[in-house]
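In what follows, a structure is listed as structure tokens, so that the remarks can point back to it.
In what follows, chains are A, B, ... by sequence order, proteins preceding strands, each numbered from 1.
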There are 2 protein chains.
Amino acid sequence: MLRVSKLTDYATVVMTVLAAADSSQSDSVLSAQDLAARARLELPTVSKLLKQLAHAQLVESFRGVNGGYRLARTPERISIAEIVTAMEGPIGMTECSAHAGMCDHEPHCGVRVNWQRINQAIAAALAGVSLADMLKTPPRRNVTIPLRVAS
Amino acid sequence: MLRVSKLTDYATVVMTVLAAADSSQSDSVLSAQDLAARARLELPTVSKLLKQLAHAQLVESFRGVNGGYRLARTPERISIAEIVTAMEGPIGMTECSAHAGMCDHEPHCGVRVNWQRINQAIAAALAGVSLADMLKTPPRRNVTIPLRVAS
DNA sequence: TCTAAATAGTACCATTTAGGTACGCTTTAG
DNA sequence: CTAAAGCGTACCTAAATGGTACTATTTAGA
């Protein structure tokens, strides 16, 4: 089915909530609890994923009373590709195309190089969508992202 | 890590082997055993995935002695998207974007529509690569696939 | 200085799913 | 009639996923 993990899915939702808060008021630091409520997710789940996002420096964390999280950059400058990578590691459709030397068949496998090219295409697609885009529920306009694929 | 299953990965390898045989000699029906040997995979694994590919009518199967499998179409007319769909069902990065009504948060989830658009972009990328392309190990030329993403 | 609110870190458990295996049935060329 | 080959089903193991719990640490404010 070609999917991302639920955690990654939830991460995009939480990031979208953060982005919405970010554009509405300035200095909007939201606690994990608050974010969980707004995203309608469990608190432990939200904390877990926020930790990972903080490590990847996509959000800033503040400890102590009145602490919480805030986007590290503007929504326009955070892409879905970054969120996916933060949650799941390097984008790669197959084991071998993400990490070399993991597959016994690597020496005599003709398709590996082509998978790497497909990965690049998909990474480009993901990089072309920003958090700000995710906020816009009704589609406004369409842009054409040039996507280079070998053929 | 955004991956397809190993079975799907193997399916592309086996399909590539079939495509190679297809272009080299005519009426090339290969047995599952033969394919397993050429792809360096286990026979049961190969049979399993060939069955699925046959159901999706990407390969034709022939029973009985001297039976085996053959591509249902020319390699140029079979895309990676079709193989992925045959093996994993409808392409969807998140549960909700592939099948509606599976997620409790659907009513108040703003990102769903956008994930559907991302899916379409990725499906387009996968549809843009044919089996014939996978045969070409050294990249010849680059084409630009127009990829429509909302922004 | 103490307390409560918050994140950080770690470890653990349960469920699902992927991947592999086995076995018996059916078809068909020779 | 037989052997080679695909077809179908069921089962089993192992690993990844996602959820939970507990503890430590930080910090604003009374």
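Distance check, rounded to the nearest 0.5 Å: CD1 of A:I78 to CE of A:M15 gives 4.0 Å.
In terms of polar N and O atoms assigned as donor or acceptor, the side chain of B:R63 never comes within less than 3.5 Å of the base of C:dT28 in a complementary pairing.
Of all nucleotides listed (C:dT21, D:dC7, D:dA28), D:dC7 comes nearest to the side chain of B:Y69. With D:dA3, C:dG19, D:dT27 as the choices, the nucleotide that has an atom nearest any side-chain atom of B:V65 turns out to be D:dA3. The listed nucleotides are C:dT21, C:dA8, C:dG19; the one nearest the side chain of B:S5 is C:dG19. Proximity note for B:S31 (side chain, C-beta onward) versus D:dA5, D:dA28, C:dG19: the nearest is D:dA5. When distances run from any side-chain atom of A:Y10 to the nucleotides C:dT21, D:dG19, C:dA29, the shortest one goes to D:dG19.
Under the 3.5 Å distance criterion, the side-chain polar atoms of A:Q52 are left unmatched by any main-chain donor or acceptor of A:L49.
For D:dG19, one of the phosphate oxygens OP1 or OP2 lies less than 4.0 angstrom from a side-chain nitrogen or oxygen of A:T45. Neither OP1 nor OP2 of D:dC7 sits under 4.0 Å from any side-chain N or O of B:S47. Not one side-chain nitrogen or oxygen of B:H55 sits closer than 4.0 Å to the OP1 or OP2 atom of D:dC7.
Residue contacts for B:A32: at a heavy-atom cut-off of 4.0 Å it reaches the sugar-phosphate backbone alone, with no base atom in range. Contact annotation for B:L50: no contact, since no heavy-atom pair falls under 4.0 Å across all strands. Backbone-only engagement by B:K6 is indicated by non-hydrogen atom pairs under 4.0 Å involving sugar-phosphate atoms exclusively.
Going from atom NZ of B:K51 over to atom C1' of C:dA22 covers 12 Å, rounded to whole Å. In this structure, CD of A:Q33 is placed 15 Å from P of C:dA8, rounded to the nearest angstrom. Here C:dA6 presents its P atom at 19 Å from CD of A:E60, a figure rounded to the nearest Å.
When the shell of 6.0 Å around CD of A:E60 is examined, it contains more than 12 heavy atoms from other residues, nucleotides or ligands. A 6.0 Å sphere centred on CZ of B:R73 holds more than 12 heavy atoms belonging to other residues, nucleotides or ligands.
B:E76 and B:S130 form no side-chain donor-acceptor contact under 3.5 Å, judged by distance and modelled atom types alone.
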